[in-house]
Undergrad: 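Okay, here's the structure, questions in a sec.
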Amino acid sequence: APLDVKLSTASDWTAEEWDAIVVGAGPAGIIVADRLSEAGKKTLLLEGGGKSYGVTGGTEKPEWLEGTDLSRVDVPGLYNTIFADRGNLICGNITTFGGCTIGGSSAINAGLYFEPPAADYDWYFPEGWKSKDVDAATARLYARQPQRVVTSKNQKMYNQQGYEAAKDWIVNSAGYKEVDINGAADLKAEVFGHPAFDYNDGQRGGPTTTYLQTALGRSNFHLESGVKVQRVVRDGKKATGVVANVDGAETTIKLADNGRVVLSGGAIYSPQILMYSAIGDPEVLSRLAAGGILGDVTPSEWINNTAVGDGLFDNPNTFIELEDEKVPAYTYQYDEPVKSDVELYLKERSGPLAFAGQTSVFWTYMNHTDGTSTGVQGTINTFGYQDYTNKNTISLNVYGTSGLLSKGKVNIDENFLPAPSDDVYYSDAENRDAEDIAQFIYNLFQKLPATGLKPLNLPANSTKDEIKTYITKPSAYAAGMVNHWSSSCRFGSCVDTNAQVIGTDNIHVVDGSIVAPLTVNPQFGIMVAAERASELILKL
Ligand SMILES: Cc1cc2nc3c(=O)[nH]c(=O)nc-3n(C[C@H](O)[C@H](O)[C@H](O)COP(=O)(O)OP(=O)(O)OC[C@H]3O[C@@H](n4cnc5c(N)ncnc54)[C@H](O)[C@@H]3O)c2cc1C
């Protein structure tokens, strides 16, 4: 049955006092709100965006889905169409691309669901967050949201010619090992395999379909969409509530005396909400004060901390278009997908529309003489991109991942909106990030078999320096935003190990902001962080 997800009407939820106010119904916010309400906390989850999945009452869909209870986001194969046709699901007004809707970006993403290797926690997380500390959180996540390698309900895999061609290259020629990716999550040196997804029975899964459902079954939980939180109201170090826009009116929603605010707006917005709450770099706070954004909060009440928004990470990426006459491209269409594929999907939740087209994934590390390593990843899908879209072209998306040196920050622009600084990618003084990624591509190009995949936009015989120049120069194929934002409110400087904002008594950040750059795509690690943070917050 459809959920009772009302768009905001100023009813009595605004007059109540809450043990927990969670801001943002992305994957992290949903998980925290479910766990806190499960523990008996009277929990309010506020989402600025609107309905998404059919189960939330979402109705945005192509004609061929009319008469079903599915919306566009439920069908994994419609993933790619969101970039051209953003609908009402995408955050407006800002330079980054993401989902502002129930589910956050997990409602619009590709569903790639990769468990981070233990080394990520052991190398990049603080005490209390090492792999041994998050094992139980990971197990709880798998119990609620299993992984799927075969996404079709009929248990068949589709469009796998690209997998075979990639395997010929990466495994047979370059010597990587074919593994069960999440089954061997800790192995990330020279591994290759089928991607894992968080889909369920051929439909988009994720926390909206799992954790949110149990939360909604509790009388002490309330979700309100269409409500954007402006700032946290503080009495010194202690939050007493939040100010939100409810039906166009500034409304204060109160916390109970021992209540807590959890900011889960994502790595771009949570720092903004902190800054609007007069917590951040005093230079930024001065501008916000001058713009009238801080309300009547005086400078003596500011919590000055330049770490808010600092350290912002996103994967530097390069698209390499590959052609092979043995590999037919498969392109996803919004209005008119292949008719037999529509039928198979509607009848059995099976076929090419039951996934977003990623057939293969591989990783390795680039090791440095000082003992550190940089993670590098490749993901291959079933279609070409931009100028290379012929019937035998597919795309390899190369990322730099963990251990990169470059970092940026969340700036507040002249309209007081959050925006990434321009030094997120390839800004390290030694140029080591570019060196590592270029070397990775160069090494793989040396192993291209004589027959098989051929790179089109970057010649196979490119020198390492040519590759370095190509990947660092922004173009349709290189150094564009991947929108895997993380790490903008880091442990130790922005939050403590309870994910509590430093200098406050009861304000937390739990989302991509607190997660260090991972070796894998971020959502799994963000969900683990939400499970772990919930456990720690409940002990306070
Ligand atoms: C196109 C795309 C594809 C991706 N593909 C993958 C993938 O395949 N695998 C993977 O692992 N990762 C992927 N990602 C990244 C992944 O989806 C994100 O890392 C993840 O969703 C971040 O979770 P979060 O909880 O930190 O925040 P978000 O998902 O950003 O959710 C934050 C929510 O908070 C709400 N919010 C923000 N500010 C306020 C406010 N002031 N008041 C009320 N609500 C507010 C927003 O509307 C949003 O709904 C993809 C991202 C994008 C954009």
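None of the values given here were measured: they were computed from a predicted structure.
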Undergrad: Looking only at heavy atoms, which two atoms of Ala174 and Leu444 are closest? And how far apart?
TA: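 Closest pair (atom of Ala174, atom of Leu444, distance): CB-CD2, 4.2 Å.
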Undergrad: Counting N and O atoms only, with roles assigned by atom type, does the side chain of Asn80 sit under 3.5 Å from a partner on the main chain of Ala356, one being a donor and the other an acceptor?
TA: yes
Undergrad: Report yes if the side chains of Ser270 and Ser488 come closer than 4.5 Å at any heavy-atom pair, otherwise no.
TA: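 Answer no - side chains too far apart.
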Undergrad: For side chain to side chain contact (heavy atoms under 4.5 Å, CB included), just list the numbers for Leu45 and Ile30, CA-CA rounded to whole Å, side-chain angles, deciding distance to a tenth of an Å, and then say yes or no.
TA: CA-CA 8 Å; Leu45 175 58; Ile30 289 174; 4.2 Å; yes
Undergrad: Can you tell me if Tyr470 and Asn457 form a side-chain donor-acceptor pair at under 3.5 Å?
TA: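 Note: Tyr470 and Asn457 side chains meet the donor-acceptor criterion.
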Undergrad: Between Phe440 and Tyr399, is the ring-ring contact (aromatic ring centres under 6.0 Å, His included) condition met? List the steps.
TA: CA-CA 10 Å; Phe440 172 56; Tyr399 294 149; over 10 Å; no
Undergrad: For the residue pair Glu164 and Val327, establish whether any side-chain heavy-atom pair is separated by less than 4.5 Å.
TA: no
Undergrad: Let me see the working for Glu321 and Tyr477 under side chain to side chain contact (heavy atoms under 4.5 Å, CB included), right down to the final yes or no.
TA: CA-CA 9 Å; Glu321 302 308 308; Tyr477 307 96; 4.2 Å; yes
Undergrad: Do the side chains of Arg72 and Glu60 get close enough for a salt bridge, i.e. N-O under 4.0 angstrom?
TA: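 A salt bridge is present here (some side-chain N lies under 4.0 Å from a carboxylate O).
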Undergrad: Distance-only, no hydrogens or angles: does the Gln145 side chain make a donor-acceptor pair with backbone N or O of Gly206 under 3.5 Å?
TA: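 At least one qualifying donor-acceptor pair exists.
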Undergrad: Output all residues satisfying side chain to side chain contact (heavy atoms under 4.5 Å, CB included) with Ser462, sequence neighbours left out; order by chain, then residue number.
TA: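 Once residues adjacent in sequence are excluded, the partners of Ser462 under the side chain to side chain contact (heavy atoms under 4.5 Å, CB included) criterion are Leu458, Pro459, Glu466, Ile467.
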Undergrad: With a 3.5 Å cut-off and no angle check, do the side chains of Thr382 and Asn159 form a donor-acceptor pair?
TA: no
Undergrad: To check you understand the geometry: which heavy-atom pair defines the closest contact between Pro27 and Ser106, and what is its length?
TA: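 Pro27 and Ser106 have their closest heavy atoms at CD-OG, 3.8 Å.
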Undergrad: Run Phe83 and Phe97 through ring-ring contact (aromatic ring centres under 6.0 Å, His included) and show every step you take.
TA: CA-CA 9 Å; Phe83 299 103; Phe97 186 88; 5.1 Å; yes
Undergrad: What are the two closest non-hydrogen atoms of Gly400 and Asn315, and how far apart are they?
TA: O-ND2, 2.8 Å
Undergrad: Can you tell me how far NZ of Lys468 sits from CG of Asp436, rounded to the nearest 0.5 angstrom?
TA: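 Taking CG in Asp436 and NZ in Lys468, the distance rounds to 10.0 Å.
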Undergrad: Does CG belonging to Asn88 count more than 12 external heavy atoms closer than 6.0 Å?
TA: no
Undergrad: So do Ile412 and Gln272 actually touch side chain to side chain, heavy atoms under 4.5 Å?
TA: yes
Undergrad: Would you say that Arg204 contacts Thr209 through its side chain, given a criterion of any heavy-atom pair below 4.5 Å between the two side chains?
TA: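 Side-chain contact under 4.5 Å: no.
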Undergrad: Judged by modelled atom types alone, do Lys326 and Gln161 share a side-chain donor-acceptor pair under 3.5 Å?
TA: no
Undergrad: Hey, do the aromatic rings of Tyr269 and Tyr276 have their centres closer than 6.0 Å?
TA: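 Centroid distance Tyr269-Tyr276: not below 6.0 Å, so no.
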Undergrad: Please name the pair of heavy atoms, one in Ile526 and one in Gly512, separated by the smallest distance, quoted to 0.1 Å.
TA: CD1-CA, 3.6 Å
Undergrad: Donor-acceptor pair, Ser71 side chain versus Ser52 backbone, under 3.5 Å?
TA: yes
Undergrad: Does any part of the side chain of Val376, heavy atoms only, come nearer than 4.5 Å to the side chain of Gln439, both counted from C-beta?
TA: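 Answer no - side chains too far apart.
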Undergrad: Going from CG on Leu70 to CG on Leu346, what distance comes out if it is rounded to the nearest 0.5 angstrom?
TA: 7.5 Å
Undergrad: Answer yes or no: is there a donor N or O on one side and an acceptor on the other, between the side chain of Ser406 and the main chain of Ser427, under 3.5 Å?
TA: yes
Undergrad: Can you establish whether the number of heavy atoms outside Glu66 located under 6.0 Å from its atom CD is more than 12?
TA: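 It does: Glu66 CD has more than 12 such atoms within range.
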Undergrad: Can you check whether Thr389's main-chain N or O pairs, donor with acceptor, with Thr393's side chain at less than 3.5 Å?
TA: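 Checked: no pair found.
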Undergrad: Could you check whether any side-chain N or O of Asn390 sits under 3.5 Å from a backbone N or O of Glu323, counting only pairs where one atom can act as donor and the other as acceptor?
TA: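 Such a contact is absent between Asn390 side chain and Glu323 backbone.
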Undergrad: Answer with yes or no whether the side chains of Asn381 and Tyr332 bring together a donor and an acceptor at under 3.5 Å.
TA: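 Side-chain D/A pair, Tyr332 to Asn381: absent.
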Undergrad: With ring centroids as reference points, do Tyr142 and Phe524 lie under 6.0 angstrom apart?
TA: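 Tyr142 vs Phe524: aromatic centres under 6.0 Å.
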Undergrad: Taking side-chain hydrogen bond (donor to acceptor under 3.5 Å, both in side chains) as the criterion, tell me which of Asn317, Thr379, Thr318 meets it with Asn397.
TA: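 Output: one option passes, namely Asn317.
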Undergrad: Using modelled atom types and a 3.5 Å cut-off, is there a donor and acceptor pairing between side-chain atoms of Asp314 and backbone atoms of Asn483?
TA: yes
Undergrad: Begin from the C-alpha positions of Phe114 and Thr519 and carry the test side chain to side chain contact (heavy atoms under 4.5 Å, CB included) through to its verdict.
TA: CA-CA 9 Å; Phe114 299 129; Thr519 304; over 6 Å; no
Undergrad: Find the distance between CD1 (Ile170) and CH2 (Trp363) and round it off to the nearest 0.5 Å.
TA: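 If we round to the nearest 0.5 Å, Ile170:CD1 and Trp363:CH2 are 12.5 Å apart.
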Undergrad: For Leu405, does its backbone N or O pair with a side-chain atom of Arg432 as donor and acceptor, under 3.5 Å?
TA: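 No.
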Undergrad: Main chain of Lys156, side chain of Asn154: is a donor-acceptor contact present, judged purely on distance under 3.5 Å?
TA: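 Yes; at least one donor-acceptor contact below 3.5 Å.
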Undergrad: Which heavy atom of Thr472 sits nearest a heavy atom of Ala434, and at what distance?
TA: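 For Thr472 and Ala434, the tightest heavy-atom pair comes out as CG2-CB, 3.6 Å.
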Undergrad: Is there a side-chain contact between Ile437 and Pro316 in this structure, where contact means two heavy atoms from C-beta onward sitting under 4.5 Å apart?
TA: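 Answer yes - side chains close enough.
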Undergrad: Look at the rings of Phe445 and Trp169 and say which category their plane angle falls in: under 30° parallel, 30 to 60° tilted, over 60° perpendicular.
TA: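 Plane angle between 30° and 60°, so tilted.
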Undergrad: Got a second to check how far Glu63's CD is from Lys61's NZ, nearest 0.5 Å?
TA: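 Here the interatomic distance stands at 11.5 Å.
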Undergrad: For Lys407, is the NZ atom crowded, meaning more than 12 foreign heavy atoms sit under 6.0 Å from it?
TA: no
Undergrad: Of all the heavy-atom pairs spanning Ile394 and Gly162, show the shortest one and how long it is.
TA: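 Closest approach of Ile394 to Gly162, heavy atoms only: CD1-CA, 4.2 Å.
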Undergrad: Quick one, Ile181 with Gln147, criterion side chain to side chain contact (heavy atoms under 4.5 Å, CB included). Give me CA distance, side-chain angles, the key distance, then yes/no.
TA: CA-CA 11 Å; Ile181 295 296; Gln147 63 131 7; over 6 Å; no
Undergrad: Would you mind reporting whether Asp201 and Tyr199 have side-chain heavy atoms less than 4.5 Å apart?
TA: no
Undergrad: How many angstroms lie between atom OG of Ser487 and atom CG of Asp310, to the nearest 0.5 angstrom?
TA: 11.0 Å
Undergrad: Would you mind reporting whether Pro517 and Tyr124 have side-chain heavy atoms less than 4.5 Å apart?
TA: no
Undergrad: Would you check if the side chain of Glu47 reaches a backbone N or O of Ala25 as a donor-acceptor pair within less than 3.5 Å?
TA: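 The answer is yes, because a donor-acceptor pair under 3.5 Å joins these two groups.
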Undergrad: Could you grab the distance from atom CD of Gln358 to atom CG of Asn521, nearest 0.5 Å is fine?
TA: 8.5 Å
Undergrad: Could you tell me if Arg144 sits above the aromatic ring of Tyr211, with its cationic atom closer than 6.0 Å to the ring centre and no more than 45 degrees from the axis?
TA: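 The answer is yes, since Arg144 meets both limits relative to Tyr211.
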Undergrad: Does CZ in Phe383 sit with more than 12 non-hydrogen atoms of other residues, nucleotides or ligands closer than 6.0 Å?
TA: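 Result for CZ/Phe383: enclosed.
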